[in-house]
Amino acid sequence: VARDGCYPAPETAVHTFCHAVPNKWYQMGVTLAATDSLNWLTKITEQTPQEATEALGETLAAPSKVYFLPYLSGERTPHNDSAIRGVFTGLDIAHSSDDLTHGVLQGVAFALRESLDALRETDANPDHLLAIGGGSKSAFWVKMLATVLNVPLHLPEKGDFGAALGAARLAICGATGRSPEEVMTPPTTEQIINPDPELVPQYEAAYEQFKKIYPAIRQVS
């Protein structure tokens, strides 16, 4: 999130930096193994990420009973814990690789929710978020993210180029002296994914359960 002032929150490992735009700041939460969690699972189940997510369909299901902590490389926001590692809980003999995929996507979504909650503690309260990159191509995952975060997700046109577009816009301002307000207009939105109102309470309850796992696992890690 971009900010008009500096609101550091080291206790939850929220990153706070000077923005490249003068007199602005930006903050972010970091999940160290978001993409890597799905890459790790699909490697050992011998699928591609696309195959694994497409197998779940496009309709968001109820929360999985399989919980996954996506701490394969430790975690940054909000725990700032380099020693913690990932874990599955709730597995039983009836679960399939699809259940594991759902659990991983859900675990990453909950980790991102923890980052959003940490940002909200600094009085950042975005009314919508942008989703870009490969994960935004999964209809199931973006619907889950919108529902877990409980904010609309805007999918920009050509979202894969979002980071490059931002860098190019900064270069334009630096090279030409044009104002950021003139150059850095909002990207064109291709689609808006709204939270599923029927599933928001269910995912909220599952998120509360998810938050109990880290302190329990930390005691035995």
Side-chain angles (χ1 to χ4, degrees), residues 29-79 81 84-118 129 131 133-153 155 193-221:
V30 178
T31 298
L32 290 176
T35 301
D36 281 345
S37 290
L38 184 59
N39 289 341
W40 164 79
L41 178 68
T42 54
K43 180 179 179 180
I44 62 176
T45 57
E46 298 183 345
Q47 304 173 84
T48 66
Q50 181 176 354
E51 290 170 342
T53 54
E54 286 181 349
L56 300 179
E58 295 191 0
T59 301
L60 180 60
S64 175
K65 299 294 185 181
V66 176
Y67 286 86
F68 175 71
L69 297 190
Y71 307 152
L72 301 181
S73 303
E75 188 55 303
R76 192 73 53 77
T77 312
H79 305 302
D81 187 342
I84 193 68
R85 288 297 180 265
V87 64
F88 277 111
T89 69
L91 293 174
D92 69 41
I93 198 167
H95 285 137
S96 67
S97 62
D98 289 349
D99 294 307
L100 298 183
T101 301
H102 187 166
V104 166
L105 300 184
Q106 179 175 286
V108 172
F110 286 157
L112 293 173
R113 167 65 186 275
E114 288 190 310
S115 281
L116 181 58
D117 286 351
L129 298 168
S136 65
K137 298 183 185 303
S138 167
F140 187 93
W141 205 355
V142 293
K143 289 175 182 176
M144 178 189 288
L145 283 167
T147 301
V148 168
L149 301 174
N150 200 19
V151 292
L153 288 187
L155 307 185
I193 307 297
N194 289 304
D196 186 321
E198 294 185 4
L199 291 176
V200 165
Q202 296 182 45
Y203 273 95
E204 187 70 28
Y207 173 60
E208 292 302 316
Q209 292 299 111
F210 171 85
K211 290 193 294 183
K212 297 176 184 178
I213 301 173
Y214 168 77
I217 294 299
R218 193 68 189 87
Q219 293 182 29
V220 298
S221 296

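Computed from heavy atoms alone, side chains included, the values below leave out hydrogens, waters and symmetry copies. The residues of the chain are indexed from 1 along the displayed sequence.
Between Phe110 atom CZ and Leu116 atom CG the span is 13.5 Å, to the nearest 0.5 Å. Rounded to the nearest 0.5 angstrom, Thr31 OG1 and Tyr71 OH are separated by 8.0 Å. Atom OG of Ser97 is separated from atom CD of Glu46 by 11.0 Å, given to the nearest 0.5 angstrom. Within the model, atoms NE2 of His102 and CE of Met144 stand 3.5 Å from one another, a figure rounded to the nearest 0.5 Å. Considering CG of Leu41 and CG of Asp36, their distance stands at 12.5 Å, rounded to 0.5 Å.
We find that Glu204 and Arg113 are joined by a salt bridge, their nearest charged nitrogen and carboxylate oxygen being less than 4.0 Å apart.
The nearest pair of heavy atoms linking Ala52 to Thr42 is CB-CG2, 3.6 Å. Summarising the geometry of Leu153 relative to Ala131, their closest heavy-atom pair is CD1-CB, 4.3 Å, with the distance given to 0.1 Å. In this structure, Ser37 and Pro70 approach most closely via the heavy-atom pair OG-CB, 3.4 Å. Nearest heavy-atom pair across Pro63 and Gln106 is CA-OE1, 3.3 Å. In terms of heavy-atom proximity, Ser73 sits nearest to Arg85 at C-NH1, 3.6 Å. Contact between Ile193 and Ala146 at its shortest, heavy atoms only, is O-CB, 3.6 Å.
Contact of the Trp141 side chain with the Val108 side chain is registered, since non-hydrogen atoms from C-beta on lie closer than 4.5 Å. In this structure the side chain of Phe140 reaches within 4.5 angstrom of the side chain of Leu60, judged on heavy atoms. No side-chain heavy atom of Thr45 sits under 4.5 Å from any side-chain heavy atom of Thr101. Using a 4.5 Å cut-off on side-chain heavy atoms (C-beta onward), Ile84 and Arg218 make contact. A 4.5 Å side-chain heavy-atom check between Leu105 and Phe68 finds every atom pair outside the cut-off. Under the 4.5 Å side-chain criterion, counting only non-hydrogen atoms from C-beta, Thr53 is in contact with Leu38. At a threshold of 4.5 Å between non-hydrogen side-chain atoms, the residues Val104 and Phe88 count as touching. At least one side-chain heavy atom of Val66 sits less than 4.5 Å from a side-chain heavy atom of Leu91.
Using modelled atom types and a 3.5 Å distance limit, the side chains of Asn150 and Tyr207 yield no donor-acceptor pair. Side chains of Ser96 and Asp99: a donor-acceptor N/O pair is present below 3.5 angstrom, by distance only. With 3.5 Å as the limit, one finds no donor-acceptor pair spanning the side chains of Thr48 and Gln50. The closest side-chain donor-acceptor pair between Asp81 and Tyr214 falls under 3.5 angstrom.
Under a 3.5 Å cut-off, the side chain of Glu75 and the backbone N or O of Leu32 do form a donor-acceptor pair. Proximity of a side-chain donor or acceptor of Ser138 to a complementary backbone N or O of Gly135 within less than 3.5 Å is not detected. In this structure, Lys143 contributes its side chain and Glu58 its backbone to a donor-acceptor pair below 3.5 Å. Looking at Thr147, its side chain does come within 3.5 Å of a backbone N or O of Asp196 through a donor-acceptor pair.
No more than 12 heavy-atom neighbours from other residues, nucleotides or ligands sit within 6.0 angstrom of CD on Glu198. Counting non-hydrogen atoms of neighbouring residues, nucleotides and ligands closer than 6.0 angstrom, the NZ atom of Lys43 reaches no more than 12 such neighbours.
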